[in-house]
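What follows is a short report on a single structure.
Basis for what follows: all heavy atoms, side chains included, without hydrogens, waters or symmetry-related copies. Treat the numbers as computed from the prediction; the structure is a model and nothing was measured.
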Amino acid sequence: LIQRVSQTSKAMRGQEERDAYFGRLFGTLAIIDSRILFSSAATLTDFKTCIGELFTLGDKKSWLRESAWWTVIRAVRMLLKDDVTVEWKEAAIDGLITRVYGKPTSDAFTAKSHGAEWTQEKVALTLVLQSARPKLMWKALLAPTFKNGNLLSHANLPVLGKILKVSRTRDIVAIDELTRNNKGNQ
């Protein structure tokens, strides 16, 4: 419904297009905050659709990326709560991990992977997921960018620092160089 009523077209003025994108973001946020997405009537497909829409918004418009990813983090935190007992909880987490890190855990979302790109938002989501799923093979999921499976380990701090302060293209190039160097050292 949200996607249908907030369609964009090339004929739209800039403000109309922004309004449609913000409508999608806030509509999805409302579904998450109302807990409708985690009710017994909701399905794994509903979760995938909401999360997929947020990733699409963040990919489509850079000025929405931070808000879209923080909304994903909000949804994941709610999903991980003990009082959320949907039968598809584990499949949703597995699919999200596959989508974000680009490596399969079991069932996967089929959309574009964010495996190679590290942003502040991806770091934040990783911290949430690591605290909830400490037994996952984090070293494999975080490689080659990070040397250690614990994102906050001493060995990861130089790369983590660059990611957290990245604001220019040359910093992104520096992160890519560190990633290549880490591949050679493993």
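Looking at every heavy atom in both residues, Gly58 comes nearest to Ala68 through N-CB, 3.9 Å. Closest of all the heavy-atom pairs between Tyr21 and Leu64 is CB-CD1, 3.5 Å. Closest approach of Leu142 to Gly149, counting heavy atoms only: CD1-O, 3.3 Å. Looking at every heavy atom in both residues, Thr119 comes nearest to Glu117 through CG2-OE2, 3.4 Å. Residue Met78 comes nearest to Val84 through the heavy atom pair O-CG2, 3.0 Å, listed as atom of the first residue, atom of the second, then distance. Nearest heavy atoms, Leu164 versus Gln120: O-NE2, 3.5 Å.
Salt-bridge formation is detected for the pair Glu90/Arg133: a Lys NZ or Arg NE/NH1/NH2 atom is positioned less than 4.0 Å from an Asp or Glu carboxylate oxygen. At a threshold of 4.0 Å, the pair Arg65-Glu121 counts as salt-bridged, since one of the basic side-chain nitrogens sits closer than that to a carboxylate oxygen.
The distance from atom NZ of Lys60 to atom CZ of Arg24, rounded to the nearest 0.5 Å, is 5.5 Å. With rounding to the nearest 0.5 Å, the separation of CG in Leu160 from OG1 in Thr145 is 11.0 Å. Rounding to the nearest 0.5 Å gives a distance of 5.0 Å between SG of Cys50 and CD1 of Ile31. To the nearest 0.5 Å, atom CG of residue Leu125 and atom CG of residue Leu96 are 5.5 Å apart. Remark: Leu152 CG to Thr126 OG1 distance equals 10.0 Å, nearest 0.5 Å. Interatomic distance, OG1 of Thr85 versus CD of Glu87, reported as 9.5 Å (0.5 Å rounding).
Residues Leu25 and Leu54 meet the side-chain proximity criterion, which asks for heavy atoms closer than 4.5 Å. Inter-residue side-chain proximity for Trp138 and Leu151 is flagged as unmet; no heavy-atom pair is nearer than 4.5 Å. Side-chain atoms of Leu80 and Ile93, non-hydrogen and from C-beta on, do get closer than 4.5 Å to each other. Residues Trp70 and Leu29 are not in side-chain contact: their nearest non-hydrogen atoms beyond the backbone lie 4.5 Å or more apart. At a threshold of 4.5 Å between non-hydrogen side-chain atoms, the residues Leu79 and Phe47 count as touching. Side-chain contact check for Phe38 versus Lys89: every heavy-atom pair is 4.5 Å or farther apart.
Scanning for side-chain hydrogen bond (donor to acceptor under 3.5 Å, both in side chains) contacts around Ser67 gives an empty result, with sequence neighbours left out. Residues that satisfy the ring-ring contact (aromatic ring centres under 6.0 Å, His included) test with Phe22, not counting sequence neighbours, are Phe26, Trp63. Applying the side-chain hydrogen bond (donor to acceptor under 3.5 Å, both in side chains) test to Asn148 and every residue at least two apart in sequence or in another chain returns nothing. Applying the salt bridge (charged side-chain N to carboxylate O under 4.0 Å, His left out) criterion to Arg18, with sequence neighbours excluded, gives no partner residue. With sequence neighbours left out, Ser153 forms a side-chain hydrogen bond (donor to acceptor under 3.5 Å, both in side chains) with Asn156.
Between Phe55 and Trp69, the ring planes lie perpendicular to each other; the angle is over 60°, past the 30° to 60° tilted range. Using cut-offs of 30° and 60° for the angle between ring planes, the Phe146 and Trp118 rings count as perpendicular.
Leu127 and Met137 end up in different hydrophobic clusters when Ile, Leu, Val, Met, Phe, Trp and Tyr side chains are linked at under 4.5 Å.
Every pair passing salt bridge (charged side-chain N to carboxylate O under 4.0 Å, His left out) that includes a residue from residues 29-47 is listed here, sequence neighbours excluded: Asp33-Arg74, Arg35-Asp83.
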Worksheet item: Taking it one step at a time, do Tyr101 and Leu129 satisfy side-chain contact (heavy atoms from CB on, under 4.5 Å)?
Response: CA-CA 12 Å; Tyr101 303 103; Leu129 290 170; 3.9 Å; yes

